[in-house]
Amino acid sequence: MRHPARSESEFIALIALLISLVALSIDAMLPALPPIGIDLGVVHENDRQQVITVFFLGLGIGQIIYGPMSDSIGRKPAIYSGLVVFMVGSLLSVFASSFELMLVGRFLQGLGAAGPRIVVVAMVRDRYEGRAMARIMSAIMAVFIVVPAFAPAVGQGLMIVSDWRAIFVLFFAMAAVGFVWLFARQPETLVPERRTPFSPSNLYASAKEVLGNRTALGYMIATGFVFAAFVGYLISAQQIFHELFQAGDSFPLYFAILSFAIGGASLVNSRLVMRYGMRALCKWALIGLICLSSAYLVYAWAVGGNPPLWTFMACFTVGFFAVGILFGNLNALAMEPLGHIAGMAAAVIGSVTTIISMVLGAAIGILYDGSVVPLVAGFAGFGFIALVIMQLTDAARARVEESDRTRAA
């Protein structure tokens, strides 16, 4: 099929739509957790968090599948496969009659969403590299952040006119639009001569190369810790705003404000990264996040874990701005030395970071005790660990580069 010429703007918009299925599938569900728990007989309130965590489980497993698949059969067929699985999971959730069946549908949604989530990163890497890649990824983040910012309001609005099952109908429709747009408008970015045969030996060799690259490994682990704190927020946000702060119907508004902080940071980052570089921005963002979270942790502890809402919003607006700087840059740094195996690299990096974030983020959610202390502690502690890992990674990379220069001389 012949495709008409594409602009960079349309490429960014399409990639943003496909990658935003993940955020949409998480954030639009948050207002629906209480009625889902009631309708499907969930006894313990913290168990409702499984609607989110099981999605991350499918997402983590799926990425290791779709990455090498895309290296073998092309980017577009791999995304098509993921979108179909996602739509099947959406339909299963629409007609779920038990919480267990709902969780199966959510797992399939996560498994399917992994296709577009991981393969579009490889598509970007096919066309761009280095700081240019970071600029494009930041622009994509800025565009697609509008979807999760308004997703809770959309979910809440759908429940006003229908019920929580209508949210899954929306998921199905969004995936269908992405499928048609990709088919009709986007050329394949991986030419046949660059494809790798799909075999266990090739998968093992590629995975070994990714995990054996100390720079990529260090940055992917650091990304996992940063994202873990954010996952902890996603898992516990509904309880914090509804139960602790008594936000009621204003929950989507507060959620959107914090989401726009991430989107704004991504937009600013697309300009700053060309001037200052990814590593410097990540270091400054992590130091700022650690200092802010640590100070607020002391304050929250002093007031019994229940600070005023305005202080929480002020702290996390600034903190999420730092997180927005980190997301695009850390992922680009991990991918930078692996352009020749972009699909497998994106799969391993995405899978490792998602599993790390799911496990540690779920721990933050489980520890929710009616206060903000576990969440704020997670941001401070995980941010500190990420900074240490990043510093060690950069030091090791500098030693290798110095050694190479010495041998060359």
Side-chain angles (χ1 to χ4, degrees), residues 21-66 81-118 148 151-152 154-156 158-159 162-176 228 231-240 242-243 251 350-351 354-369 374:
L21 285 176
V22 173
L24 181 72
S25 301
I26 296 167
D27 301 340
M29 294 304 306
L30 298 180
L33 294 182
I36 287 175
I38 294 172
D39 289 352
L40 300 182
V42 178
V43 177
H44 302 290
E45 290 186 355
N46 279 5
D47 289 346
R48 300 182 317 217
Q49 299 173 0
Q50 296 177 42
V51 173
I52 307 299
T53 55
V54 76
F55 180 90
F56 277 107
L57 177 61
L59 187 67
I61 295 174
Q63 290 177 78
I64 203 67
I65 299 172
Y66 291 105
S81 301
L83 290 174
V84 169
V85 174
F86 179 87
M87 288 187 283
V88 170
S90 299
L91 291 177
L92 191 61
S93 297
V94 169
F95 298 106
S97 57
S98 68
F99 190 61
E100 291 74 20
L101 190 59
M102 159 68 70
L103 294 182
V104 172
R106 288 293 286 171
F107 174 80
L108 289 177
Q109 279 192 308
L111 190 69
R117 164 63 182 87
I118 203 62
V154 172
Q156 188 165 291
L158 286 173
M159 288 192 296
S162 182
D163 61 16
W164 56 265
R165 297 179 190 273
I167 299 175
F168 292 102
V169 175
L170 174 64
F171 294 162
F172 181 92
M174 292 288 290
V231 170
Y233 161 75
L234 292 176
I235 290 173
S236 54
Q238 188 274 332
Q239 291 169 285
I240 288 176
H242 274 276
E243 299 173 9
F251 164 58
S351 183
T354 300
I355 291 174
I356 290 174
S357 64
M358 182 201 70
V359 174
L360 297 179
I364 293 177
I366 292 173
L367 291 174
Y368 175 72
D369 57 357

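Just so we're clear, the structure is a prediction, and the values are computed from it rather than from any experiment.
Across all their heavy atoms, Ile167 and Leu158 have their closest contact at CA-CD1, 3.9 Å. Heavy atoms only, all atoms of each residue included: Leu21 and Ala175 are closest at CD2-N, 4.1 Å. Minimum heavy-atom separation, Tyr66 to Gly112: OH-CA, 4.1 Å. A pairwise comparison of heavy atoms in Arg165 and Ala96 identifies NH1-O, 2.8 Å as the closest pair. Of all heavy-atom pairs spanning Phe168 and Met29, the tightest one is CZ-CE, 3.5 Å. Leu24 and Ala151 get closest at one heavy-atom pair: CD1-CB, 4.1 Å.
Under the 3.5 Å distance criterion, the side-chain polar atoms of Ser351 are left unmatched by any main-chain donor or acceptor of Ile61. Ser357 contributes a side-chain N or O that, together with a main-chain N or O of Thr354, makes up a donor-acceptor pair within less than 3.5 Å. The backbone N or O of Gly350 lies less than 3.5 Å from a partner atom in the side chain of Gln63, making a donor-acceptor pair.
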| Intermediate values then yes/no, side chain to side chain contact (heavy atoms under 4.5 Å, CB included), Met358 and Leu57 | CA-CA 7 Å; Met358 182 201 70; Leu57 177 61; 3.7 Å; yes
| query | So Trp164 and Val94, side chain to side chain contact (heavy atoms under 4.5 Å, CB included) or not? Walk me through it. | reply | CA-CA 9 Å; Trp164 56 265; Val94 169; over 6 Å; no
| task | Please test Phe171 against Ser93 for side chain to side chain contact (heavy atoms under 4.5 Å, CB included), starting from the C-alpha separation and ending with a verdict. | result | CA-CA 10 Å; Phe171 294 162; Ser93 297; over 6 Å; no
| field | CA sep, side-chain torsions, deciding dist, call: Leu111, Phe86, side chain to side chain contact (heavy atoms under 4.5 Å, CB included) | value | CA-CA 7 Å; Leu111 190 69; Phe86 179 87; over 6 Å; no
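In this view, Glu243 and Arg48 satisfy the salt bridge (charged side-chain N to carboxylate O under 4.0 Å, His left out) rule, not counting sequence neighbours.
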Please output the side-chain donor-acceptor pairs of residues 359-366 that fall under 3.5 Å, not counting sequence neighbours, one pair per line with the distance.
none

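To the nearest 0.5 Å, the span separating CZ on Arg106 from CG on Leu101 amounts to 13.5 Å. Of the inter-residue distances, the one linking Met87 atom CE with Phe172 atom CZ reads 5.5 Å to the nearest 0.5 angstrom. Within the model, atoms CG of Asp369 and CG of Leu367 stand 8.0 Å from one another, a figure rounded to the nearest 0.5 Å. Note that CG of Asp39 is 12.0 Å distant from CZ of Phe99, once rounded to the nearest 0.5 Å. The structure places CD1 of Ile26 at 3.5 Å from CZ of Phe56, a figure rounded to the nearest 0.5 Å. One finds the CE atom of Met174 at 11.0 Å from the CG atom of Leu83 (value rounded to the nearest 0.5 Å).
When only modelled atom types and interatomic distance are considered, Gln238 and Gln49 share no side-chain donor-acceptor pair under 3.5 Å. In the model, Gln109 has a side-chain atom that pairs as donor or acceptor with a side-chain atom of Ser90 under 3.5 Å.
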